[in-house]
Amino acid sequence: MTVAEDVAVPENDTPENVGGAAPGAAPTASALSVAVIGTGAIGQDLVSKIHRSPVLECALVAGRNPQSAGLRHAAGLGYPTTADGIDAILAAPRPFDVVFDATNAMSHAEHWRLLQPLDTLLVDLTPSKVGQMVVPTVTGARPPTERNVNLVSCGGQASVPIAHALAGRFEVEYIEVVSTVASSIAGRATRLNLDEYVATTQHAVTVFSGVRDTKAILNISPAVPPATFRTAVHAVVPGASVEAVRAVVDESAERVRAFAPGYEVVACTVDGDRVVVSLEVAADSDVLPRYAGNLDIINSAAVLVAEQHAARLGLAARTGVGR
């Protein structure tokens, strides 16, 4: 799920001047040069998470609105910013090692067309279903076979690890995932991409679980105060016991918490062949409210993918193997 530039998170007083190195400047010996396209809430949190990373160096943050809170936030951290969007990414003196696309599914297809000739890993946080789907605890640290990787959706990042774990242990006949996000954090791009969100999430659940009969649902809740992001995984699992299901679910959740510490199993029930796993994700973020766990989990996954890419490139450099 992505959030457009018309949704902002509470901001601190930050300078509006641009700081940092020139866009596209060579990274330090121990860091990859990365760029972010999209300056809404998801982009702001992504920049903050990159700022924490010892192996990623934010070389450019690109949006379309020069007055956006996202650009001010990035400038306040000392990073170069631009309102020229993808054009600025293409105009950089050297390709970025990684580009994070936090815009929308329709724009991503065009961004990939333009960036495809470059030696850049494009990490897609939109539900475009264009690139290779990645869910870190399921796909692992092995390198992607494509230079365009898709993080599915927030609901996909929350539900796929559980669906995959259940299907790996039991004979699962049906899986349905229902995610609920707060209206106040669901921006224009999210609402424009509802069809893509549902289709991409359902596709990921099917692919990674191997279960043919699946369904994905997204609810946007207007509740006040805003509800924390939650996902329920419903499954038909003949013969499963609650003890066996809980053991599988807890193990899977612990692996997700290694990179998304706010991920929690709040309930796990078995009634006959009906299994329900209720998940809640609280944001671990410098800029997001606690309830925006939907943005936190997909951003955490995106940063992990980029850090794994950095590790692979570091290994290649030490062994003399080319990129």
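The first residue of the sequence shown is numbered 1, and numbering continues consecutively from there.
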One should read off an interatomic distance between Leu77 CG and Ser48 OG, to the nearest 0.5 angstrom, of 5.5 Å
Strictly distance-based, threshold 3.5 Å: is any side-chain N or O of Tyr291 a donor or acceptor partner for the main-chain N or O of Ile185? no
If we ignore hydrogens and angles and just use 3.5 Å, is the side chain of Asp45 paired with the main-chain N or O of Val287 as donor and acceptor? no
Does Glu171 have more than 12 heavy atoms from other residues, nucleotides or ligands lying within 6.0 Å of its CD? no
Donor-acceptor contact below 3.5 Å, side chain Ser252 vs main chain Val248: no
Taking all non-hydrogen atoms of both residues into account, name the closest pair between Glu57 and Ala31 and its distance. CB-CB, 4.0 Å
When rounded to the nearest 0.5 Å, the distance separating OH of Tyr263 from OG1 of Thr231 is 8.0 Å
Do Phe208 and Thr139 have side chains that get closer than 4.5 Å, going by heavy atoms? yes
Using atom types as modelled and distance alone, determine if a side-chain donor or acceptor of Arg169 lies under 3.5 Å from a backbone N or O of Val245. no
Are Val236 and Ile162 linked, directly or through intermediate hydrophobic residues, by side-chain heavy-atom contacts shorter than 4.5 Å (ILVMFWY only)? no
Side-chain heavy atoms under 4.5 angstrom apart, residues restricted to Ile, Leu, Val, Met, Phe, Trp, Tyr: same cluster for Val198 and Val211? yes
If you look at every heavy atom in Leu122 and Trp112, which pair is closest and at what distance? CD2-CE3, 3.7 Å
Which is it for Thr82 and Leu71 under the side chain to side chain contact (heavy atoms under 4.5 Å, CB included) test, yes or no, and what are the steps along the way? CA-CA 8 Å; Thr82 177; Leu71 290 184; over 6 Å; no
Test of understanding: with side chain to side chain contact (heavy atoms under 4.5 Å, CB included), list the residues that count as partners of His164, not counting sequence neighbours. Val138
Distance in Å, Ser285 OG paired with Leu46 CG, rounded so as to fall on 0.5 Å steps: 10.5 Å
So, Thr214 versus Thr206: side-chain donor-acceptor pair below 3.5 Å or not? yes
Name all pairs fulfilling the salt bridge (charged side-chain N to carboxylate O under 4.0 Å, His left out) condition that reach into residues 224-250, sequence neighbours left out, sorted by first residue then second. Arg246-Asp250
Hydrophobic clusters here meaning ILVMFWY residues chained together by side-chain heavy-atom distances under 4.5 Å, can you tell me if Val276 and Val270 are in one? no
To the nearest 0.5 Å, what is the distance between OG1 (Thr39) and NE2 (His73)? 11.0 Å
Taking atom types as modelled, is there a side-chain donor on Thr137 or Arg257 under 3.5 Å from an acceptor on the other? no
Give me the one residue out of Asp286, Asp284, Asp296 that meets side chain to side chain donor-acceptor pair (under 3.5 Å) with Lys49. Asp296
Examine the side chains of Asn148 and His108 and answer whether a donor and an acceptor come within less than 3.5 Å of each other. yes
Closest non-hydrogen atom pair between Leu279 and Ala158, with its separation: CD1-O, 3.4 Å
Audit row: His234, Tyr174, side chain to side chain contact (heavy atoms under 4.5 Å, CB included) steps and yes/no: CA-CA 8 Å; His234 302 257; Tyr174 174 73; 5.5 Å; no
Under the criterion side-chain contact (heavy atoms from CB on, under 4.5 Å), which of Thr200, Val130, Val134 is the partner of Asn150? Thr200
Evaluate the side-chain proximity of Ser53 to Glu307: yes if any heavy-atom separation is below 4.5 Å, no if none is. yes
Side chain to side chain contact (heavy atoms under 4.5 Å, CB included) between Leu114 and Leu90: does it pass, once the steps are laid out? CA-CA 8 Å; Leu114 294 169; Leu90 298 169; 3.9 Å; yes
Taking side chain to side chain contact (heavy atoms under 4.5 Å, CB included) as the definition, give me every residue that meets it alongside Val237, ordered by chain and number, with sequence neighbours left out. Phe170, Val172, Ala235, Ala240, Val275
Contact summary for Gly156 and Val152, nearest pair of heavy atoms: CA-CG1, 4.0 Å
Should Val249 and Val242 be regarded as members of a common hydrophobic cluster, given that ILVMFWY residues are connected when their side-chain heavy atoms come within less than 4.5 Å of each other, either directly or indirectly? yes
Interatomic distance, Thr201 atom OG1 to Met133 atom CE [nearest 0.5 angstrom]: 10.0 Å
Quick check against the 3.5 Å criterion: does Gln157 have a side-chain atom that pairs as donor or acceptor with the backbone of Leu151? yes
Between Arg290 and Thr228, does the side chain to side chain contact (heavy atoms under 4.5 Å, CB included) criterion hold? Intermediate values first, please. CA-CA 7 Å; Arg290 184 182 183 279; Thr228 300; 3.5 Å; yes
For the residue pair Pro136 and Leu304, what are the closest heavy atoms and their distance? CB-CD2, 3.6 Å
Return yes when atom CZ of Arg212 has more than 12 non-hydrogen atoms of other residues, nucleotides or ligands closer than 6.0 Å, and no otherwise. no
Side chain proximity check, Tyr79 to Val36, heavy atoms < 4.5 angstrom: no
Taking Asn104 for the side chain and Ser107 for the main chain, is one N or O donor matched with an acceptor at less than 3.5 Å? yes
Per side-chain contact (heavy atoms from CB on, under 4.5 Å), Thr120 is matched among Val98, Val99, Val34 by Val99
Hey, could you give me the OH/CD1 distance between Tyr197 and Ile220, rounded to the nearest 0.5 Å? 9.5 Å
Hphob cluster co-occupancy, Leu194 + Val178, side-chain heavy atoms under 4.5 angstrom: no
For Ser221, is there any backbone N or O sitting under 3.5 Å from a side-chain donor or acceptor partner on Asn219? no
Which pair of heavy atoms, one from Ile298 and one from Ser153, lies closest together, and at what distance? CD1-C, 3.8 Å
